[in-house]
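Below is one structure; the comments refer to it alone.
All chains are named by letter (A, B, ...) in the order of the sequence lines, taking the proteins before the strands, and each is independently numbered beginning at 1.
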Amino acid sequence: MKEIKGKVFLFGDDINTDDIVPHQYLNLRDDNEITKHTLENIRPNFAEFVREGDVIVAGKNFGSGSSREEAVNVLKTLGIKAVIAESFARIYFRNLVNLGILAIKLKKAKEQFSEGDNIIITLDNGEIINQTKDIRIPIEKIPDFLLKILESGGILNKIKKSK
Amino acid sequence: MNLLTENSGKTIAEKILSDHSSNKSVSPGEFIEADIDLVMVHEQLGGRIHKEYEKLGLDKVWDTEKIFFILDHWVPAPSIEAAKMHQDCRKFAKKYKFKHDLGMDKGICHQVLTELGFAKPGMLIVGSDSHTTTYGALNCFSTGIGATDVSVVFATGKLWFMIPETQKFFLEGQLREKIMSKDLILQIIGDISTGGAEYKSIEFHGDGAKSLSIDSRMTVSNMVVEAGAKSGIFIPDNNLVEWLKGRSISNYKLTMPDDNAAYTEEFNYNLSKIVPVVAKPSSPDNVVPVSELPEIKIDQAFLGSCTNGRLEDLRQAAQILKNKKIYRDVRLIVIPASKEIYLNAIKEGLIEIFLNSNAIVGNPTCGPCFGGHLGVLGPDEVCISTTNRNFIGRMGDVSSKIYLASPTTTAASALKGKIVDPREV
């Protein structure tokens, strides 16, 4: 994977899928329409501020709740390339990997970033460079199994290639 | 991380997953590819699944018999958007020749799937719904997945899994009168927190587990996902075998853990010590005994959902509501989880009790649980609910508040207009 370069959006613990995509937009059937409402209950106008390459940093249990994959797809549609969290809810973690978004588990993630920090993630070097704070944060190696899915740009691309 | 030594036995989750994979000596943390016995899909089929699957350009699915498709979230359609979604679902099911298209009259996916014998002990089942964990009550390994994963299963019949670590919950004693398995699972989630079982499988052991009916077990397995668990599986016993026999379900494989299976943690609960509890807004782990609450007035009470819309739940609530009227400023909404339950509740006179108490009885659907329809909350309204999530805005307006509780606590609270201990009415 190439390096990811962007700005940090910082969130707390237990951000759930109802927070990310509120229920009333679930049957809109249009990705761009749903995406406009991303995280609006807890961070109004979030979707307007995100730029291609940006990264979400959060506390524990990110993405808890429903299996609604819209809650990952809206981030993908907005151009978010990675989510760094102290821990992830299981289904959400799978959905991130399957859609080709980098999920990084990092202890004390919230304490190492501030809202708006400019960061660079390089998997080859296994680190996150926080340019704003001028620190380098080592990250655990992503298992090869998951890396292959990410490098294909998501699991459906991987299947297409093998068919 | 590999916590197992070479001599360790296997937990139920490890056994079922390895039975479905070419890797017979799995241990926690390992990635495997497993053969899926059944995949359940609901309205998500018309959401992201059909769009994702069409991208693969395939003209068929791997096995038309191993897909269970039902409409349950928005039934009957409360809006044009929902109706369009249903059309997309039906079109896909027809195009790919699904053998098990259950339509929208049967009820909530998890309830109908188990009633009709689609879930059997030892099976590996996935579904486009986080509460797919429910079938752990029937000794299945079952778990929720997203739309892309469903597409992968449709295409290949296989899915990747990381072998989970397992937590052992040893239950002893019996629940006292008007205390329900909902109180137990809420207490557990309150104790271990929403991330307490993250990426882990839970096993329920002991005489306390055996004392729970299958309905009660389903409530417990349903809500393990609220603690982050991948599955919540009960040890198979005579109760389960009798239940399966009663539904003429055969050809299954009861799966026991090995005596020397390795567990990452062990927890003990004495069911006789469980008291009525609620999960306060806005997290399922914000759990306190009802007796410690200040006065909480309610606008709405909801009895239903895949968590607590079963016959046993309706019976217990009806016992409390019999010959009584609910508080005048409260709306009580009762929704049986399936048509079968609805019919039985009519036969047993339960529906009459609910209607006479001034409750509104709705058709089987997920409806109010996720703020879909049939009981959406307005600004600042407070609801006591037998459902599984009390997140901000989950059942309606972002300022509304949800207290999760058992059917008995919910019924008693509807009578009093405020949250009360069901033993006091």
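The contact between B:Ser79 and chain A is made entirely by side chain atoms (from C-beta outward), counting heavy-atom distances below 4.5 Å. The contact between A:Asn95 and chain B is made entirely by side chain atoms (from C-beta outward), counting heavy-atom distances below 4.5 Å. Proximity to chain A is absent for every atom of B:Asp285, based on heavy atoms less than 4.5 angstrom apart. Both the backbone and the side chain of B:Val152 have a heavy atom closer than 4.5 Å to some heavy atom of chain A. Looking at B:Trp74, only its side chain comes within 4.5 Å of chain A, counting heavy atoms on both sides. With a threshold of 4.5 angstrom between heavy atoms, B:Glu81 approaches chain A through its backbone and through its side chain. Interface remark: B:Glu52 contributes backbone and side-chain atoms alike to the contact with chain A (heavy atom separation under 4.5 Å). When heavy atoms are compared at a cutoff of 4.5 Å, A:Leu156 approaches chain B by way of both its backbone and its side chain.
Ranked by heavy-atom pairs shorter than 4.5 Å toward chain A, the options B:Gly393, B:Gly371, B:Gly195 are led by B:Gly371. Among B:Glu226, B:Glu198, B:Met85, B:Met162, the residue with the largest count of heavy-atom pairs under 4.5 Å with chain A is B:Glu198. Of the listed residues (A:Asn157, A:Ile34, A:Leu146), the greatest number of heavy-atom pairs within a distance under 4.5 Å of chain B belongs to A:Leu146. The choice from B:Val225, B:Asn388, B:Thr143, B:Val376 that makes the most heavy-atom pairs within less than 4.5 Å of chain A is B:Thr143. Counting heavy-atom pairs closer than 4.5 Å to chain B, the top residue among A:Asp14, A:Asn73, A:Asn41 is A:Asn73.
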Verdict with reasoning, A:Leu99 to B:Arg48, per side chain to side chain contact (heavy atoms under 4.5 Å, CB included):
CA-CA 12 Å; A:Leu99 291 189; B:Arg48 286 185 47 75; 3.7 Å; yes
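The CD1 atom of A:Ile149 sits 8.0 Å away from atom CZ of B:Phe31, with the distance rounded to the nearest 0.5 Å. Distance check: A:Asp18 CG to B:Ile392 CD1 gives 10.0 Å after rounding to the nearest 0.5 Å. The OG atom of B:Ser151 lies 10.5 Å from the CD1 atom of A:Ile155; values are rounded to the nearest 0.5 Å.
By the neighbour-count criterion of 12 heavy atoms within 6.0 Å, atom CZ of A:Arg136 is sparsely surrounded, having that number or fewer from other residues, nucleotides or ligands. Counting non-hydrogen atoms of other residues, nucleotides and ligands closer than 6.0 Å to CG of A:Asp134 gives a total of 12 or fewer. Shown here is A:Glu115, whose CD atom has more than 12 heavy atoms of other residues, nucleotides or ligands within 6.0 Å. B:Lys91 NZ: 12 or fewer foreign heavy atoms inside a 6.0 Å radius. No more than 12 heavy atoms of other residues, nucleotides or ligands lie within 6.0 Å of NZ in A:Lys5, so this atom counts as exposed by the packing criterion.
Taking 4.5 Å as the limit, some side-chain heavy atom of A:Lys60 sits within range of a side-chain heavy atom of B:Thr194. Taking 4.5 Å as the limit, every side-chain heavy atom of A:Asn27 sits out of range of all side-chain heavy atoms of B:Glu43. A:Phe145 places none of its side-chain heavy atoms less than 4.5 Å from the side chain of B:Ile32.
Although no hydrogens or angles enter the test, the distance criterion places a donor-acceptor pair under 3.5 Å between the side chain of A:Arg90 and the main chain of B:Gly144.
Nearest heavy-atom pair, A:His23 versus B:Arg394, reported as atom, atom and distance to 0.1 Å: CD2-O, 3.5 Å. What you find for A:Ser67 and B:Ile145 is that their closest heavy atoms are CB-O, 3.5 Å. The heavy-atom pair separating A:Ser66 from B:Ser130 by the smallest distance is CA-OG, 3.7 Å. Taking all atoms of both residues into account, the shortest heavy-atom contact from A:Ser64 to B:Phe391 is OG-CZ, 4.2 Å. Nearest approach of A:Arg29 to B:Lys51, heavy atoms of both residues: O-NZ, 3.1 Å.
Looking at B:Gln44 and A:Glu70, their side chains do bring a donor and an acceptor atom within 3.5 Å of each other. Side-chain atoms of B:Thr148 and A:Arg94 form no donor-acceptor pair, as typed in the model, at a separation below 3.5 Å.
A:Phe93 and B:Tyr199 have perpendicular rings, their planes meeting at more than 60° on a 0 to 90° scale where under 30° would count as parallel.
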